[in-house]
Amino acid sequence: MSWRFSRRSRGAEMGMFVLREERLNPPEYRDGLAAVAEPGAGAIVTFGGHVRDHTSGQRVERLLYEAYPELARKEGTRILAEVQRKHELEGLAAVQRTGVLWPGALAVWVGAAAAHRETAFRACRQVIDRFKTELPVWKREVLADGETRWVRPQGLQREGRG
Amino acid sequence: MSAVTVPSEREDSSATGDGREITVRYFATLREEAGTEEELVLTSAATVADLYGELTERHSLSLPAGSLRVAVNHRVEDWEVTIGEGDVVAFLPPFSGG
């Protein structure tokens, strides 16, 4: 899927959510966001969620991200629209990756543009927090010792498998 | 598959109780347990909750319905929603994206 913002998309439908299997390219997303947000945006806050090489003292070899694409696109778009309605934003966008990701890889990217930084920080944070609990995406850890298990959301017990 | 026929509240031809053909999609743990990501199922289950009961038995699924969300035709729904011919029903373990 190509990453393209259109000036006509400003307004209620401005939030853009993309799900992709290929490696993410944050400069492209940031520039796309800046292009619709300038010159009204005094702040662009971006967040990148990367794959960590360890969890609870164990080495992580890779993560497998699985999504329910039809629903994830719908829910991602809905979350962006809702966050947008709550804040005075000049632009809002997010990308979630799926497939096999190795430590260091960018798994999720969020960008929020607003006239002032407080608004941009808050909106960016709300999007990533809501993605964690509302996007139909699952990840499976493959540890260095060969064990694999589905990651459970924070607060729930982990399910050891394999 | 359950032989019990429960009338559906839907006002279409599928409400005769003869069973409806639907598509079930599984994700994450459930996909592994079911051994497939998608299957066609002929069911007489009235609601998605009943359907999950049938499938739990058939595939020995380990997750209780209470820990899952369910989507019908790519929309998150209530467990009491009724099933219609051709529906796509997806059972969703707790999310862990981001």
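Just so it is clear, the structure is predicted and the values come from calculations on it, not from any experiment. Per chain, numbering begins at 1; letters A, B, ... match sequence-line order.
The two atoms that bring Gly97(B) and Lys139(A) nearest to each other are O-NZ, 3.5 Å, heavy atoms only. Nearest heavy atoms, Gly98(B) versus Ala107(A): O-CB, 4.2 Å.
To the nearest 0.5 angstrom, Phe95(B) atom CZ is 6.5 Å from Leu71(A) atom CG.
Proximity to chain A is limited to the side chain of Ala71(B), based on heavy atoms less than 4.5 angstrom apart. Neither the backbone nor the side chain of Ala72(A) comes within contact range of chain B, judged by heavy atoms closer than 4.5 Å.
The aromatic rings of His74(B) and Tyr68(A) stand perpendicular to each other, their planes meeting at an angle above 60°, with 30° marking the opposite boundary.
Judged purely by atom type and a 3.5 angstrom limit, Trp138(A) uses its side chain to pair as donor or acceptor with the backbone of Pro93(B). Distance alone, capped at 3.5 Å, is enough to place a donor-acceptor pair between the Ser96(B) side chain and the Val151(A) backbone.
Within the 4.5 Å cutoff, the side chain of Thr29(B) has heavy atoms near those of the Trp150(A) side chain.
Ranked by heavy-atom pairs under 4.5 Å with chain A, the first of Arg75(B), Arg31(B), Arg69(B) is Arg31(B).
Within 6.0 Å of atom CD in Glu38(B), more than 12 heavy atoms from other residues, nucleotides or ligands are found, so the atom counts as buried in its surroundings. Other residues, nucleotides and ligands contribute more than 12 heavy atoms inside 6.0 Å of the CZ atom of Arg130(A). Heavy-atom neighbours of Glu82(A) CD from other residues, nucleotides or ligands within 6.0 Å: above the threshold of 12.
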